[in-house]
Amino acid sequence: MLEKAPNGKVSSVLNSLDEALCAGEVERAVHLFQEDCYWRDLVTFTWNIKTMEGKKQVRDMLNARLADTKPSDWKIAAGEDATEADGITESWIQFETEVARGFGHMRLKDGRIWTLLTTMSELKGHEEAVGFDRPMGAKHGAERNRKTWKEDREAEAAELGYSRQPYCVVVGGGQGGIALGARLRQLNVPTIIIEKNERPGDSWRKRYKSLCLHDPVWYDHLPYLPFPRNWPVFSPKDKIGDWLEMYTKVMELNYWGSSECKKASYDEKSREWTVVVQRGDKEIVLKPKQLVLATGMSAKPNLPKIEGMDVFKGDQHHSSLHPGPDKYKDKKAVVIGSNNSAHDICAALWEAGADVTMVQRSTTHIVKSDSLMELGLASLYSEQAVQSGMTTAKADLIFASLPYKILHEFQIPVYNAIRERDAEFYRRLEKVGFLLDYGDDDSGLFMKYLRRGSGYYIDVGASELVANGSIKLKSGVDVKKLTEHSVILSDGTELPADLVVYATGYGSMNGWAADLISREVADKVGKAWGLGSNTTKDPGPWEGEQRNMWKPTQQEALWFHGGNLHQSRHYSQFLSLQLKARMEGIPTPVYGLQQVHHLG
Ligand SMILES: Cc1cc2nc3c(=O)[nH]c(=O)nc-3n(C[C@H](O)[C@H](O)[C@H](O)COP(=O)(O)OP(=O)(O)OC[C@H]3O[C@@H](n4cnc5c(N)ncnc54)[C@H](O)[C@@H]3O)c2cc1C
């Protein structure tokens, strides 16, 4: 009986919650929460991605949303048992609302709810056709002139966007657009993905030659179709490109390659977008109800304006356009920047026999890939995790269950341990003048990613080249100007150069809205990404969730989707359900629509 004690505790809280919520007694429900509680809701109560922090915010949300959410049937998830460690009882939970089935996670402290995650699994009556409900494929029986699967697919491709309008247009067919497209396909939401490159996967193929994913395979699965067990830990970029191309085909996506979205505008009266697409040599006008920009958060290059760029006689380009090192053997290369792309490009140039200098203006967080894998990711995303029964879905939900407000507190000890373990490595880098940081509050790589999406390098070898002087380093300096054949730094140093690479990062995704829709709409929705943590490049006020990503924006029917493979996989579920609900006419009153504090 003893081992069932945690189940008893969780069931008792869930029963009380169920009773209070069914009776509409908000105060009774709020009483079940800790003072410093967090309730993160992915679409079930709020039709938003929102974290309620503290009892007051929980109370306000319930007062606004309880009556028509009509939650019920809260219980420990089928087949799961609650667990207990270090004074925290945790459990997978399930529940229903009037229109959806939900799954979640709960942590109890001193018998009250400390963290609660509620996520929408499916809309009632609009479930995905899986398992017992999977399609037959074959049409048994006999019928004159019936069409094959191939003929049906061809007819759909000929019709959608021409004689029949898609409900949704996704601009950008990288991994983000593809993952979202796959979810929408399963939910029967007619969708076209518009991609200016020729083939799915090209956004990876076109990146610099040496690129391999920095995240390991366990973190990178796409929805529905995990990588096979022999897939390499770190996918080479062309291999991931091929996987995306295969995936697009087998998931039966309506993917328009060689098609560029030229502009889009929204008619508030007809509540419809007009999207102008250049498809090959034809201009096509689409009229979807929903528009998703999946144009990439690492895709809008930040190119600095530096005096003399117009007179420089060598090659110069942003890192996103760097072709690879082959033609730079014995040439002098200057790489401006010191984050991931800069390191990867410097290492590849050095391998090809170029003379390379990295210019570092400000501090960079470096973490060795091995250490990140072992100390940062292993418990959720690793072969050991898989062997001990951790699924990708559960790992994603555990990660989602840690509120952003306190996530750094969980991260700081991890990076402290990494600093200790790799102390000699960091000492050697500092010795050659490399400027290190570990995040403003020492919370390391993942917080930097969530807050600003930049400022780090996952070391897969380039740091050794910096430490031993193979890659030359100029740190604490800026670029003053370029001459015909050199780069002049702010300390007066002149670096002769045949090649200058600007590894200077990327701009906010709402820049895409400015390009494709209007400056007015870009300003109306404001900056995308970041938490408002008031740390470098993530100005406050505190938002509690990533700005504008995967959730309603200030522009009706305009959505942003993207991020790394983990985020594309996980959040495409909630974005696709929001879109499906709108298509089906299910009321989706948004609670706590974010305010705009920064334009871009
Ligand atoms: C060097 C580098 C390394 C990275 N390493 C990793 C990693 O290891 N793991 C990881 O998970 N993430 C990584 N990322 C981050 C991120 O996952 C990738 O940037 C990823 O490609 C993002 O996918 P996406 O679909 O959101 O955007 P993208 O892949 O950038 O796709 C956006 C697409 O939109 C298209 N597009 C843009 N405008 C238009 C238009 N007007 N009309 C039609 N099409 C348009 C583009 O052609 C592009 O194909 C890395 C990023 C970079 C730059």
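Each ligand, and each atom within it, is numbered from 1 in the order the structure gives.
Interface of Val171 with ligand 1, defined as ligand atoms under 4.0 Å from a residue heavy atom, comprises 40 (C), 42 (N). When each atom of ligand 1 is checked for a heavy atom of Gly172 under 4.0 Å away, the hits are 33 (C), 34 (O), 35 (C). For ligand 1, the atoms sitting less than 4.0 Å from at least one non-hydrogen atom of Gly562 are 26 (O), numbered in the order shown with element in parentheses. Short contacts between ligand 1 and Ser341, defined as distances under 4.0 Å to a heavy atom of the residue, involve ligand atoms 1 (C). Annotation for ligand 1: atoms under 4.0 Å from non-hydrogen atoms of Gly296 are 26 (O), 27 (O), 30 (O), 32 (C). Close contacts between ligand 1 and Ser259 involve ligand atoms 43 (C) [criterion: under 4.0 Å to a heavy atom]. Ligand 1 places these atoms under 4.0 Å from at least one heavy atom of Leu516: 41 (N). Taking every non-hydrogen atom of Ser203 and a distance limit under 4.0 Å, the qualifying atoms of ligand 1 come out as 28 (P), 29 (O), 31 (O), 48 (C), 49 (O).
At least one heavy atom of Tyr506 sits closer than 4.0 Å to an atom of ligand 1. For Asn340, the heavy-atom gap to ligand 1 stays at 4.0 angstrom or more. For the ligand labelled ligand 1, residue Ser568 lies outside the 4.0 Å heavy-atom shell. Not a single heavy atom of Ser320 lies less than 4.0 angstrom from ligand 1. In this structure, Phe234 has no heavy atom closer than 4.0 Å to ligand 1.
Nearest protein heavy-atom contact of atom 44 (N) of ligand 1 is Lys196 N, 3.1 Å. The protein heavy-atom contact nearest to atom 8 (O) of ligand 1 is His214 N, 2.4 Å. What sits closest to atom 46 (C) of ligand 1 on the protein, heavy atoms only, is Glu195 OE2, 3.5 Å. Of all protein heavy atoms, the one lying nearest to atom 25 (O) of ligand 1 is Gly176 N, 2.8 Å. Residue, atom and distance of the protein heavy atom nearest to atom 4 (C) of ligand 1 are Trp204 CH2, 3.7 Å. The protein non-hydrogen atom at the shortest distance from atom 31 (O) of ligand 1 is Gly174 CA, 3.6 Å. Summary of contacts: the protein heavy atom closest to atom 17 (O) of ligand 1 is Gln175 NE2, 2.9 Å. Atom 41 (N) of ligand 1 has Cys261 O, 3.1 Å as its closest protein atom, hydrogens excluded (heavy atom only).
The shortest N or O to N or O distance between Leu211 and ligand 1 is not under 3.5 Å. Between Tyr208 and ligand 1, a contact under 3.5 Å exists for no N or O pair.
Separation of atoms CD (Gln578) and CG (Leu42) is listed at 9.5 Å; rounding is to 0.5 Å.
For Ile178, no heavy-atom contact with ligand 1 is shorter than 4.0 Å. If you look at Ala294 next to ligand 1, the close heavy atoms, those under 4.0 Å, all belong to the backbone.
Considering only non-hydrogen atoms, atom 9 (N) of ligand 1 lies nearest to Asp215 out of Val275, Asn197, Asp215, Asn564. Among Arg207, His322, Gln567, the residue whose heavy atom lies nearest to atom 18 (C) of ligand 1 is Arg207.
Between His365 and Tyr415, the angle of the ring planes goes over 60°, which puts this pair in the perpendicular group of the 30/60° scheme. Ring geometry, Tyr457 versus His343: the interplanar angle falls under 30°, so the pair is classed parallel (tilted spans 30 to 60°).
Between His221 and the options Trp231, Trp243, Phe227, Tyr381, a ring pair (Phe, Tyr, Trp, His ring centres under 6.0 Å) holds for only Phe227. Just one residue in the list Asn254, Ile284, Leu286, Thr295 forms a side chain to side chain contact (heavy atoms under 4.5 Å, CB included) with Ile194, and that residue is Leu286. With Asp344 as the partner, the side-chain hydrogen bond (donor to acceptor under 3.5 Å, both in side chains) test is satisfied by one option alone out of His322, His214, Lys209, Arg207: His214.
Formation of a donor-acceptor pair under 3.5 Å by the Asn548 side chain with backbone atoms of Gly526 is found in this model. The backbone N or O of Thr536 lies less than 3.5 Å from a partner atom in the side chain of Asp440, making a donor-acceptor pair. Between the side chain of Gln573 and the backbone N or O of Met120 there is at least one donor-acceptor pair closer than 3.5 Å.
For the pair Lys551 and Phe574, the cation-pi test (distance below 6.0 Å, angle within 45°) is failed. For the pair Lys196 and Trp256, the cation-pi test (distance below 6.0 Å, angle within 45°) is failed. For the pair Arg40 and Tyr404, the distance from NZ or CZ to the six-membered ring centre is under 6.0 Å and the angle to the ring normal is within 45 degrees. Figure legend: cation-pi geometry between Arg419 and Tyr426 absent, as NZ or CZ is not positioned both under 6.0 Å from the six-membered ring centre and within 45° of its axis.
The side-chain heavy atoms of Asp220 and Leu213, taken from C-beta on, include a pair separated by under 4.5 Å.
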Output, in order, the C-alpha distance, side-chain angles, deciding distance and verdict of salt bridge (Lys or Arg N to Asp or Glu O under 4.0 Å) for Lys282 and Glu260. CA-CA 11 Å; Lys282 294 208 173 54; Glu260 183 169 1; over 6 Å; no
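A salt bridge is absent between Arg279 and Glu198: the closest approach of a Lys/Arg side-chain nitrogen to an acidic carboxylate oxygen does not fall below 4.0 angstrom.
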